[in-house]
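Working notes, beginning with the structure itself.
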Amino acid sequence: SFVPTIMMLQRAICPKAFVCPFRISGRGVASRVPNYLNGAASESAASVWYDVHNPATNDVVAQVPQSTQEEMAQAVQHASEAFKKWRYVPVTAKQRIMFKYAELIRHHTEELAQILTQEQGKTIADAKGDIFRGLEVVETCCNIAASQTGEMSEQVSSEVDLYSIRQPLGVCAGIAPFNFPAMIPLWMFPVAITCGNTFVLKPSERVPMTAMRLVELAKDAGVPDGVVNVIHGGHDAVNFICDAPEIRAISFVGGNTAGQHIHARGTANGKRVQSNMGAKNHGVIMPDADKESTLNKLTGAAFGAAGQRCMALSTAIFVGETEAWIDDLKSKALQLKLGAGTDPSADLGPVISPAAKARIEGLIGSAKEEGATLLLDGRGASVQDYPDGNWVNPTIIKDVTTDMQCYKEEIFGPALVTLKAKTLDEAIDIINKNPYGNGGAIFTSSGATARKFQAEADIGQLGINVPIPVPLPHFSFTGSRASFVGSNNFFGKSGVHFYTQIKTVTASWKGQEQVQAVMPTSKD
């Protein structure tokens, strides 16, 4: 197990924050995260190592390798060998493994949340939500056979039947981001392997430990050796995945630059790619909305997880007389407490790194320089006892126009950009002119208004009085336009289709008494 028996001692050594499973001694001494190859932890021979920091302290809690070319090749080789047997394991047996896996994730949620918070920074409560949303995907895998059925037409010609079946692709790979260390890997490998594929996972080098623990639990649930493997690193690992001929499909979640690169390089090498990327999600506030409920929802959706969600409601369009509500957001935001994720009273934790903090604060500063008003300025935040954390307080920017940098770029921090519109049509026009199409929401008490927004807003996931409309996993995550490129979306039926290929079979059991050179038809 990756969880040593000295964990209680570790907590005593560093009482301010839970110490991750890989950390084997006192503050400032970190262990090295291994690869996971063929069902076991495998120490890397890497010459390049990345530090993993606790964002609340910036202490180094572990080091993760840039896996060597040989190690990455071994991961693919193990996956290729495992596929030869795994593909023929009955789907019902795979589903029973997923039942056990879901049970283990539930049982280990507290432990996983502590690991996740240590490396990513989000609050324990939010970490548990991260884990639970991934668990829901695992639970849908327990009935994946219902989404793998083919089709059949009997007697399409004389004694000829025609049918289709879904078969696994082979070795698939996933490249996961830092903001959801549990949920995003669980979007990927459980669906892929339950469809009969094998998998190579590359978690973010910033947050590798949660994924390692999840993969270990998958083995405990009965996933055979070699079916799931883990490699680590940055650009070299990404390019290896894009280029390795044995890898048939790539799942990616992250920023647009990386996502476009992976899609272009992967598809050029003949792979399927699904790439969820950046976002600028708009919330439209109508005059007939419930004011108190709407402001509460906006506050949570904008600032929760320190704004580090691809579905964060980072932009609010106040329609008509609701522009008077903007100032009321300030008192809501001031109710939120910034603190270490291990503080049970904290509402939001630090951002992931000093570089992320500098970028966020830079975009806030640019808004002021371009003529916007900082209704609430979260720059220069501090938290008692955590002087070195990456702290940014909730920020509200008003009087924003669509040509400002704070609007055009995804801030990916606890900053809400607010705009004004005279009508719903104007608000929809703003949304549709923005290149991103991940998600958005409307707040209204009018069914007609909601249906108009539903029909005309060009976004992939839409909430009606729901600020973060991430679908449950029996549907699919359907970001669109500049927020997604690829073959099929994540999880749900679309996810099953991504990880399988259709084979169509035409079967005849009648004899043929003579040579026939003409094209056969259904008349025959």
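Just so it is clear, the values below take in all heavy atoms, side chains as well, and ignore hydrogens, waters and symmetry mates.
Side chain of S483 to backbone of G437: a donor-acceptor contact under 3.5 angstrom is found. The backbone N or O of L37 lies less than 3.5 Å from no partner atom in the side chain of Q74, so there is not a single donor-acceptor pair.
Between H263 and F484, the distance from one ring center to the other does not fall under 6.0 angstrom.
In this structure, K122 forms a cation-pi arrangement with F180, its terminal cationic atom sitting closer than 6.0 Å to the ring centre and no more than 45° off the ring axis.
In this structure T478 satisfies the side chain to side chain donor-acceptor pair (under 3.5 Å) test with no other residue, sequence neighbours excluded. Residues satisfying the ring pair (Phe, Tyr, Trp, His ring centres under 6.0 Å) criterion with F490, sequence neighbours excluded, are W187.
For the side-chain hydrogen bond (donor to acceptor under 3.5 Å, both in side chains) condition, the pairs that include at least one residue of residues 76-87, sequence neighbours left out, are E81-K84. For the salt bridge (Lys or Arg N to Asp or Glu O under 4.0 Å) condition, the pairs that include at least one residue of residues 456-468, sequence neighbours left out, are K452-E456, D458-R481. Applying the salt bridge (Lys or Arg N to Asp or Glu O under 4.0 Å) test to residues at least two apart or on different chains, none of the pairs has a partner in residues 66-75. Counting only residues at least two apart or in different chains, side-chain hydrogen bond (donor to acceptor under 3.5 Å, both in side chains) contacts with residues 304-315 comprise D126-R309.
For the residue pair Y499 / S251, a side-chain donor-acceptor distance below 3.5 Å is found, with atom types taken as modelled. Side-chain polar atoms of Q114 and Q118 form no donor-acceptor pair below 3.5 angstrom.
Ring-plane geometry between F178 and F412 is classed as perpendicular, the angle between the planes exceeding 60 degrees on a 0 to 90 degree scale with a lower cut at 30.
Side-chain contact between V351 and P414 is present, with at least one heavy-atom pair separated by less than 4.5 Å.
Separating the NZ atom in K408 from the OH atom in Y436 is a distance of 11.5 Å, to the nearest 0.5 Å.
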